[in-house]
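The next block holds one structure in the form of structure tokens; read it before the comments.
Index from 1, following the sequence.
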Amino acid sequence: VQLQASGGGLVQPRGSLRLSCTVSGITLDNYSIGWFRQAPGKEREWVATISSTDGSTYYTDSVKNRFTISGDNAKNTVYLQLNSLEHEDAAVYYCAAVNGLWLRTSTIKSPLQYELWGQGTLVTVSS
């Protein structure tokens with residue numbers, strides 16, 4: 001089983017990036033995918049999740065209306081579109097998976113909810 005995050009890079013404030021999380025060994029039909037981020041000196045923070053059971057999407061308040069999570073089951077890939085980036089969005093972004101049957105909205109923000117993790121991809125926001 002592998003989760004491969006990619007798409008990070010250097011972007012100017014108010015710019016955009018699209019992150020990808022490609023999974024192997026599991027399918028997006030059965031696994032919900034979440035994105036987390038961790039800035040230097042800070043705890044890992046939940047960003048967004050897409051549910052495998054019904055495609056529902058969930059976002060932390062600070063990224064609502066700026067970030068969009070979506071999935072392409074045929075490509076086994078989940079995307080996180082980052083728009084209107086701010087300095088505060090700079091971090092290493094991680095994708096994580098949890099069996100869709102076990103996803104609970106009450107604990108969706110907790111890293112402990114997720115059983116599989118990919119390596120991170122770095123997003124730098126700088127002019």
Side-chain angles (χ1 to χ4, degrees):
V1 176
Q2 188 175 16
L3 284 70
Q4 183 75 36
S6 61
L10 173 64
V11 62
Q12 294 184 341
R14 297 177 298 281
S16 298
L17 279 176
R18 189 178 77 163
L19 307 184
S20 299
C21 177
T22 300
V23 305
S24 58
I26 60 173
T27 70
L28 299 182
D29 291 332
N30 298 319
Y31 278 79
S32 299
I33 302 297
W35 283 96
F36 288 76
R37 65 186 179 186
Q38 189 166 18
K42 295 188 176 181
E43 293 187 353
R44 191 165 296 191
E45 174 192 25
W46 172 72
V47 176
T49 294
I50 184 166
S51 170
S52 62
T53 56
D54 61 2
S56 295
T57 57
Y58 307 87
Y59 300 92
T60 192
D61 287 345
S62 64
V63 308
K64 284 179 181 177
N65 301 315
R66 298 192 299 123
F67 292 7
T68 303
I69 189 170
S70 62
D72 185 335
N73 287 19
K75 294 183 178 180
N76 288 330
T77 300
V78 169
Y79 304 100
L80 185 67
Q81 178 69 41
L82 287 61
N83 296 331
S84 301
L85 282 161
E86 304 167 352
H87 290 290
E88 292 74 19
D89 297 315
V92 177
Y93 283 71
Y94 299 89
C95 58
V98 57
N99 187 300
L101 297 177
W102 300 338
L103 182 67
R104 298 290 180 267
T105 55
S106 58
T107 55
I108 201 169
K109 301 179 181 181
S110 172
L112 297 177
Q113 167 85 134
Y114 300 81
E115 56 192 284
L116 302 167
W117 289 82
Q119 91 298 347
T121 186
L122 178 64
V123 173
T124 302
V125 183
S126 175
S127 53

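Under the disulfide (SG to SG under 2.5 Å) criterion, no residue pair touches residues 96-127, with sequence neighbours excluded. Contacts classified as disulfide (SG to SG under 2.5 Å) and involving residues 53-87 (residues at least two apart or in different chains) are not found. Residue pairs satisfying the side-chain hydrogen bond (donor to acceptor under 3.5 Å, both in side chains) criterion with at least one member in residues 103-112, sequence neighbours excluded, are listed as follows: Thr107-Gln113. Among residues at least two apart or in separate chains, there is no disulfide (SG to SG under 2.5 Å) pair with a member in residues 23-55. Applying the ring pair (Phe, Tyr, Trp, His ring centres under 6.0 Å) test to every pair with at least one member in residues 63-86, sequence neighbours left out, gives no pairs at all. Residue pairs meeting the disulfide (SG to SG under 2.5 Å) criterion with at least one partner in residues 24-127, sequence neighbours excluded, are Cys21-Cys95.
Side-chain contact check for Thr22 and Ser20: no donor-acceptor pair (N or O, by modelled atom type) lies under 3.5 Å. Side-chain contact annotation: Asn83 with Ser16, donor-acceptor N/O pair under 3.5 Å present.
Nearest heavy atom pair, residue Asp72 against residue Leu28, reads O-CD1, 4.0 Å. The two residues Asp54 and Ser51 make their nearest non-hydrogen contact at OD1-OG, 3.4 Å. Residues Gly100 and Thr53 come closest through the heavy atom pair O-CG2, 3.8 Å. Summarising the geometry of Ala97 relative to Ile33, their closest heavy-atom pair is CB-CD1, 3.6 Å, with the distance given to 0.1 Å.
The 12-atom threshold is not exceeded at CG of Asn65, counting heavy atoms of other residues, nucleotides or ligands nearer than 6.0 Å.
Distance CZ/Arg37 to CZ/Arg44: 13.0 Å, rounded to 0.5 Å. Note that CG of Asn99 is 7.0 Å distant from OG of Ser52, once rounded to the nearest 0.5 Å.
In the hydrophobic clustering (ILVMFWY side chains linked at under 4.5 Å, chained through shared members), Leu112 stands by itself. When hydrophobic side chains of Ile, Leu, Val, Met, Phe, Trp and Tyr are connected at separations under 4.5 Å, Leu122 ends up clustered with Phe36, Trp46, Tyr58, Val92, Tyr94, Val98, Leu101, Trp102, Leu103, Ile108, Tyr114, Trp117.
Partners of Arg18 by side chain to side chain donor-acceptor pair (under 3.5 Å), not counting sequence neighbours: none found. Every residue two or more places apart in sequence or in another chain was checked for a side chain to side chain donor-acceptor pair (under 3.5 Å) with Thr68, and none qualifies. For Tyr31, there are no side chain to side chain donor-acceptor pair (under 3.5 Å) partners at least two apart in sequence or on another chain. Applying the side chain to side chain donor-acceptor pair (under 3.5 Å) criterion to Ser84, with sequence neighbours excluded, gives no partner residue.
Listed for the Thr121 side chain is no donor-acceptor partner under 3.5 Å among the backbone atoms of Tyr93. At distances below 3.5 Å, at least one donor-acceptor pair connects side-chain atoms of Gln119 with backbone N or O atoms of Ala5.
The side-chain contact (heavy atoms from CB on, under 4.5 Å) with Pro13 is formed by just one residue from the set Asp89, Leu85, Val125; it is Val125.
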- Can Val123 and Leu19 be said to form a side-chain contact (heavy atoms from CB on, under 4.5 Å), step by step? CA-CA 9 Å; Val123 173; Leu19 307 184; 4.1 Å; yes
- Task: Check the pair Val78 / Ile69 against side-chain contact (heavy atoms from CB on, under 4.5 Å), numbers first and verdict last.
- Result: CA-CA 7 Å; Val78 169; Ile69 189 170; 3.8 Å; yes
